[in-house]
Structures are given as structure tokens and as C-alpha cells.
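The structure under discussion appears below in the form of C-alpha cells.
Computed from a predicted structure; not experimentally measured.
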Amino acid sequence: MAGLDKNAPIVEQRADPFVYKHTDGYYYFTGSVPSYDSIELRRAKSIEELQNAETFKVWHKHESGPMSQHIWAPEIHFLDGKWYVYFAASEVDDIWKLRPYVIECSGDDPLRDPWIELGQMQAADEDNKSFIDFSLDGTVFENNGKRYFCWAEKTGGQFAASNLYLAEMESPIKLKTTQFMLTTPDYDWERIDFWVNEGPAVIKNNGKIYITFSASATGACYCMGMMEADESADLLDRNSWTKSRYPVLESDYDKNIYGPGHNSFTTDQEGNPLCIYHARDYEKIEGDPLYDPNRHARVMNVTFDETGKPLFKFYD
């Protein structure tokens, strides 16, 4: 990562960072803005140039009703020849009524062409459980000719456990299958202050598919876990998946990196895998950690162990 200080932010004050490397050679970046009121995009020819790239606000929250509060964790994807952004939003009068929404770019340039609201992500016709309660952090990936949607959802109110669910997609805005619960907070490191599994991201290597996720509350206890399965397996079968017993990435007090998580994956200009994640550079937070603006987007190289499993390590 020439030109970057190791472990330093690549984009400041952007939580839940998502980077998409397109066929045009550009890196497209988005993330939660501190005001949680809009969706912002930027692009650059390299990861290093993202910090100073021109920003474009491509969508702004409504004044009331759905999509009027807590605009969180946008992701930009290019599907079937069109640009889509998936994000979560709630309502001014019900700030925890989070649901996943989709917008579609009407043209070829996602920074300058108008975006169209497609509404809430839709469950499969026979599914009466998905997106009926606190739902967020949707991501899209493909495997063996099928497209999947993975997201976090908790039922039973704000303080229930947040689980990760997975389903095959029928279209960019609708699921084809009923939800499958991929993981629930089983271990102590997933249950600090809140019981949380959220922020899924997908990377493949050596015939395996890995889904990283974030766990616990959004302060220094925030960390990353990982699920793995064979690429050839039925991804909607619980027996296909194995969960890491311990976090694969957590706070490093010596390096002043606190609460690493909500990552995405991309590659450098040579095709080597990168993990884009957010973290703070201090532990003590005044007030609610959710509204502290200093979760900065950062980058690390991803390496693999002798079995092909991804390894996540801060720079020395």
C-alpha cells in the first residue's frame, strides 16, 4: 500500500466502509456518514487516493416516514448491468425501525446520474419472517451461479439478539428463498453489552467461502468473527458452515486501534486481497458510541494460512 501510513485511516469519519473495484479500474467507496442522513459516493484509481477524492451525495433521507432516520451502512454493487445501493434506514418517529432499502442508478455513472428508489428489500413470497423487525447490513454475493443476500436481523425488540441470515435472491430487490439463520451470538466475545452478529462480508479462497461478521457493541469490544463453508456446499444448510471459536480481528491496545469491524473486501491493483474495516484510535468514548463520529475507514492486506483460511493482522 504505497503512499499510506500503516494502520492509518484511508477515509476519516466513515464507518461501515464498503469498497467496490469495478471493471473500469476505479475503486468506488461508500460508508455511513456521521450525520446518518445521506448516501455518499466517491471513486479513485487507487485506495490511497480515496481520502481526497471528490464526494457526491447521491441520495438524502426523507423528512418523515420510511427512510427518514439512521441511514446506515450503504453498499454499492453492480448487478446485471446496473448500479445498486443497499442500505438500512428507520423513521423519525420510530428510530429503531430499521429495514433494508434499495436504490438503483438510472444511468451508467453512479456519481452523477440520478438514483431511483426501489423501496424496501422484499422477502420471498412464502417468507413471513424476513425484514419484519430490526434489519440492517445487507450484502450481496454470488456463488456457483446463484446470488445471495446476507443481512442482520433481530426480532423481539431493540435489545434482542442480532443474528445473521442468508437467502438466495430472485432479483436485485427480492429474495427467492426463505431466510436461513447463518449465525447467532454464541460466544462471550459476541455478547459484550449487546448480543450482536452483523456486518457480513464475503471472501473466497482455495475452494472455500468465508463470511466475516462483526460482534458485540460498537465500542472497543467490537470485533470480527468468521464463518466458513465449501464453495460447492449447500450454503442454506446449517451443516455446511463452521464458525470461528474466537475473534479473527479485535482491538489492539498497543497500536491504538479500537473496535475494528464492519469490514468489506476488495483487491489491490495487482489483485491481492484487501480488508477494508473501520476502527477508532482511542478507547474512551463520551456518550453513546453509536454517535461518536471517529470510526475511520482503514485497510489491511489479507494473507492465508497453510489451509487457505484468511488471516487478519494489523501492520507492525
Side-chain angles (χ1 to χ4, degrees), residues 75 77 79-80 86 100 102 121-156 160-191 195-215 223-249 261-265 273 275 302 304-312:
E75 292 195 2
H77 294 267
L79 308 173
D80 305 328
Y86 296 83
V102 190
M121 189 70 187
Q122 303 169 30
D125 292 338
E126 67 275 22
D127 183 356
N128 60 2
K129 294 182 179 179
S130 296
F131 317 132
I132 63 171
D133 213 325
F134 187 104
S135 311
L136 69 168
D137 293 354
T139 195
V140 176
F141 69 94
E142 296 185 3
N143 189 62
N144 285 338
K146 297 180 179 180
R147 184 176 292 154
Y148 295 87
F149 192 70
C150 188
W151 75 99
E153 183 164 355
K154 55 184 180 181
T155 57
S162 173
N163 308 314
L164 280 189
Y165 294 92
L166 185 62
E168 188 180 342
M169 297 175 73
E170 177 181 290
S171 74
I173 62 168
K174 186 176 182 179
L175 303 184
K176 181 178 181 179
T177 61
T178 58
Q179 62 168 240
F180 158 70
M181 191 176 76
L182 177 66
T183 170
T184 189
D186 301 297
Y187 300 122
D188 54 353
W189 51 271
E190 302 171 286
R191 298 179 171 188
W195 292 28
V196 172
N197 288 168
E198 65 182 17
V202 176
I203 187 171
K204 299 179 183 181
N205 187 55
N206 199 27
K208 296 271 193 177
I209 183 167
Y210 301 91
I211 298 182
T212 58
F213 61 92
S214 298
C223 59
M224 278 170 47
M226 188 167 69
M227 306 289 296
E228 66 176 90
D230 289 330
E231 285 187 66
S232 59
D234 179 0
L235 299 188
L236 303 183
D237 182 346
R238 180 177 300 278
N239 294 322
S240 299
W241 294 93
T242 302
K243 185 177 185 174
S244 61
R245 175 61 184 89
Y246 299 101
V248 295
L249 186 69
H262 204 120
N263 71 297
S264 61
F265 293 105
C275 174
V302 180
F304 301 94
D305 68 13
E306 63 278 2
T307 70
K309 185 176 297 186
L311 300 173
F312 307 95

Would the number of heavy atoms belonging to other residues, nucleotides or ligands and lying under 6.0 Å from NZ of Lys204 be above 12? yes
Which atom pairs, one a donor and one an acceptor, fall under 3.5 Å between side chains of residues 123-132 and the rest of the protein, sequence neighbours left out?
unit_1	atom_1	unit_2	atom_2	d
Asp125	OD1	Lys174	NZ	2.6
Asp127	OD1	Lys129	N	2.9
Asp127	OD1	Ser130	N	3.2
Asp127	OD2	Ser130	OG	2.5
Asp127	OD2	Gln179	N	3.3
Ser130	OG	Gln179	NE2	3.1

Leu79 side chain reached by Arg147 side chain, heavy atoms, under 4.5 Å: yes
Between Tyr210 and Ser244, is there a side-chain heavy-atom distance shorter than 4.5 Å? no
Taking the side chain as C-beta and beyond, is there a heavy-atom pair between Lys208 and Asp230 under 4.5 Å? yes
Hey, does the side chain of Tyr165 reach the backbone of Thr178 with a donor-acceptor pair shorter than 3.5 angstrom? no
For Glu231, does its backbone N or O pair with a side-chain atom of Asn144 as donor and acceptor, under 3.5 Å? yes
Taking all non-hydrogen atoms of both residues, which atom of Phe312 and which atom of Phe265 are closest, and how far apart? CE2-CE2, 3.6 Å
Any donor-acceptor N/O pair, Ser240 side chain to Arg238 backbone, under 3.5 Å: no
Would you check if Tyr86 and Trp151 make a side-chain contact, meaning some heavy-atom pair closer than 4.5 Å? no
Please tell me if the side chains of Val202 and Tyr148 come closer than 4.5 Å, counting only heavy atoms from C-beta onward. no
Looking only at side chains, do Asp305 and Thr307 share a donor and an acceptor under 3.5 Å apart? yes
Do Val196 and Ser214 have side-chain heavy atoms sitting under 4.5 Å apart? no
Just jot down the salt bridge (charged side-chain N to carboxylate O under 4.0 Å, His left out) partners of Glu190, sequence neighbours excluded, or say none. Lys243
Which residues share a side-chain contact (heavy atoms from CB on, under 4.5 Å) with Glu75, sequence neighbours left out: Phe18, His77, Thr139
Looking at Thr184, is its backbone amide N or carbonyl O close enough to the side chain of Trp195 to form a donor-acceptor pair, meaning the two atoms are under 3.5 Å apart? no
Counting only heavy atoms not in Trp241 (residues, nucleotides, ligands), do more than 12 fall under 6.0 Å from its CH2? yes
Please examine the side chains of Pro185 and Asn163, heavy atoms only from C-beta on, and report whether any two atoms are closer than 4.5 Å. yes
